[in-house]
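This report concerns only the one structure given below.
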2 protein chains.
Amino acid sequence: MKYSASKENYLKEIFHLQSQQNMVTTNALAAALHTKAASVTDMLKKLKTQKLLLYEKYKGFKLNNEGKKAAVQIIRKHRLWEFFLVEKLQFGWDEVHEMAEELEHISSKKLIDRLDSFLDFPKTDPHGDPIPDCNGKFSERRQLALREVPINKIVQVSAITEQTSAMLELLQHKNIRIGTKLEVKKKFPFDNSLELKIKNHLIITISEQVAEKILVHDD
Amino acid sequence: MKYSASKENYLKEIFHLQSQQNMVTTNALAAALHTKAASVTDMLKKLKTQKLLLYEKYKGFKLNNEGKKAAVQIIRKHRLWEFFLVEKLQFGWDEVHEMAEELEHISSKKLIDRLDSFLDFPKTDPHGDPIPDCNGKFSERRQLALREVPINKIVQVSAITEQTSAMLELLQHKNIRIGTKLEVKKKFPFDNSLELKIKNHLIITISEQVAEKILVHDD
DNA sequence: GTTTAAATTTAGACAAATCTAAAAAATATT
DNA sequence: AATATTTTTTAGATTTGTCTAAATTTAAAC
Ligand SMILES: [Mn+2]
Ligand SMILES: [Mn+2]
Ligand SMILES: [Mn+2]
Ligand SMILES: [Mn+2]
């Protein structure tokens with residue numbers, strides 16, 4: 001039930017990789033973890049012995065149910081801590097990842113559930129990624145790009161697909177971040193720019209390039 | 001500048017031990033860390049090589065300035081996290097130590113300084129132990145036992161010297177904890193019991209046995 | 001002052017996690 | 001199908017932190 005920080009990093013990364021391609025390869029995992037293929041093979045044997053993944057030599061591998069369950073708990077911790085750092089400690093979303101990379105290994109389940117409650121059960125982290133609940137369930141709300149949103153519908157920002165500091169600067173200036181409630185008031189077909197009402201009062205304008213990087217969901 | 005979790009635990013424990021007796025012994029440290037004397041000797045060599053302590057074979061050891069500075073930063077983290085857990089996440093002071101034992105090893109200095117600010121720069125942890133500031137300085141306020149406090153002087157609870165769950169239960173019932181402001185309104189010489197005014201309104205009575213375990217400082 | 005006991009250190013071993021270099025297996029290319 | 005290339009695994013070494021058992025030093029008792 002408790003794994004080393006290193007094992008947890010492996011579990012988490014395998015989980016992410018296998019959500020894209022069904023079977024994960026040694027080299028892909030080594031690259032993702034900034035380690036060497038030989039180290040990955042070593043760890044795979046240990047994880048297999050602990051019955052956390054399915055693995056046959058030379059044939060790739062993937063987490064079994066037990067492994068997935070463990071991975072989701074680590075992802076939950078990572079994202080809740082990120083939310084805490086941004087929401088309560090005023091960090092920028094571009095500076096929290098490394099700290100969360102350490103905090104996610106704090107073992108107490110009770111601690112993380114209390115933190116969840118303290119933060120008022122956020123549904124997405126500062127990067128818009130979903131935070132699983134204490135049972136490991138991801139709430140899925142369909143996201144759509146802001147440019148697809150009908151006029152006058154109130155939506156909430158759930159993710160930004162391009163997380164550069166240039167984008168961050170622009171969004172901070174315009175007061176847009178994850179969780180912001182907004183409404184598309186006007187679309188200009190000339191350049192596909194949008195006029196938005198933010199938090200029920202502020203009116204701002206954003207370009208097509210920005211609008212296609214902002215994902216939202218129903219309020 | 002960055003040490004392993006294990007080294008940090010050693011530094012912290014040596015710091016605590018040498019504040020009581022000038023020179024620390026191998027066995028004392030082994031006992032405090034729940035490890036073996038041989039392991040301590042091994043680690044001492046490494047800490048000496050890293051110039052964190054003064055050590056001569058068979059003659060005991062103690063931290064040098066560098067070692068003390070490092071130890072204080074870890075103690076700062078430990079106590080700030082404890083404060084966070086009690087104040088924000090509603091844990092009891094009797095359940096936070098183990099979690100803080102892990103959290104104290106989160107490396108970011110910026111994180112801990114932001115946490116300090118978020119918590120409004122607390123001066124003592126939930127057990128009444130002083131929290132050093134970001135430069136490692138302990139604010140020293142002279143503490144005295146509640147039974148020594150003159151009548152009608154407003155003081156603040158700074159520590160409880162007996163931290164049993166029986167004591168915790170009693171104090172929680174009477175609404176007393178670290179930071180509580182109170183005033184001694186009456187002393188009964190018959191049994192040395194005290195009548196206190198808490199937070200400027202509540203009047204309660206406590207026994208001699210309780211009063212001698214409560215340390216306070218000037219408001 | 002010897003002898004005995006306690007404290008400390010060393011020697012040697014082990015587990016976890018990593019690496020480099022070499023071998024083996026699976027793919028791709030001609 | 002034979003050869004070349006890429007991917008993966010193994011072999012062997014290293015680092016960190018730990019342990020037990022034995023040796024050494026210091027301190028205590030007689
Ligand atoms: Mn991590
Ligand atoms: Mn994130
Ligand atoms: Mn610790
Ligand atoms: Mn404490």
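A note on names: the letters A, B, ... follow the listed sequences, proteins ahead of strands, and every chain is numbered from 1. Both backbone and side-chain heavy atoms feed into the values below; hydrogens, waters and symmetry mates do not. In this text, all values refer to a predicted model and were calculated from it rather than measured experimentally.
The phosphate of D/dT10 has neither OP1 nor OP2 within less than 4.0 Å of any side-chain N or O from A/Y58. Phosphate proximity of D/dT10 to A/T41: absent, as no side-chain N or O sits under 4.0 Å from OP1 or OP2. Residue B/K36 has a polar side-chain atom (N or O) positioned under 4.0 Å from OP1 or OP2 of D/dT20. Contact annotation: A/K57 side-chain N/O to D/dT10 OP1/OP2 distance is under 4.0 Å. For the OP1/OP2 pair of C/dT18 and a distance below 4.0 Å, the side-chain nitrogens and oxygens of A/S6 include at least one atom meeting the criterion. Phosphate proximity of D/dG17 to B/K7: present, with a side-chain N or O under 4.0 Å from OP1 or OP2. Residue B/S4 places at least one side-chain N or O under 4.0 Å from the OP1 or OP2 atom of D/dG17. The phosphate of D/dT6 (OP1 or OP2) has no side-chain N or O of A/N27 nearer than 4.0 angstrom. The side chain of A/T35 contributes an N or O atom lying less than 4.0 Å from OP1 or OP2 of C/dC19. Look at A/K45 and you'll find a side-chain N or O under 4.0 angstrom from OP1 or OP2 of D/dT10. A close approach under 4.0 Å does not occur between any side-chain nitrogen or oxygen of A/T25 and OP1 or OP2 of D/dT7.
Taking the charged nitrogens against the carboxylate oxygens, A/K12 and A/E104 do have a contact shorter than 4.0 Å, which makes a salt bridge. For the pair B/D113 and B/K109, the salt-bridge criterion is met [side-chain N within less than 4.0 Å of a carboxylate O]. Ionic pairing of B/K51 and B/E66 is not present here: no N-O contact between side-chain nitrogen and carboxylate oxygen is shorter than 4.0 angstrom.
Residue-level contact check: A/F61 touches neither bases nor backbone, having no heavy atom under 4.0 Å from any strand. Looking at heavy-atom distances under 4.0 Å, A/S39 makes contact with a base. Here B/Y3 lies out of heavy-atom contact (under 4.0 Å) with every strand.
Separating the CG atom of A/L44 from the P atom of D/dT9 is a distance of 7 Å, rounded to the nearest angstrom. Between A/K2 atom NZ and C/dA16 atom C1' the separation is 15 Å, expressed in whole Å. In this structure, CE of A/M23 is placed 12 Å from P of C/dT27, rounded to the nearest angstrom. Look at CE on B/M43: it is 10 Å from P on D/dT16, rounded to the nearest Å. Remark: C1' of C/dA16 and OH of A/Y10 are 12 Å apart, rounded to the nearest angstrom. As rounded to whole Å, 15 Å separates atom P of D/dT8 from atom CD of A/E56. For the pair A/H34 NE2 and C/dT18 P, the computed distance is 14 Å after rounding to whole Å. As a whole-Å value, the separation of B/K46 NZ from D/dT14 C1' is 13 Å.
With no hydrogens or angles considered, no side-chain donor-acceptor pair links B/H97 and B/H127 at under 3.5 Å. In summary, the side chains of B/H78 and B/D125 do not present any donor paired with an acceptor at a separation below 3.5 Å, with no hydrogens or angles considered.
Note on ring orientation: taking the six-membered ring where Trp is involved, the planes of B/W81 and A/F84 are tilted (angle from 30° to 60°).
DNA chain C is contacted by both A/A5 and A/K59; A/A5 maps to the nucleotide lying nearer its 5′ end (nearest heavy atom per residue).
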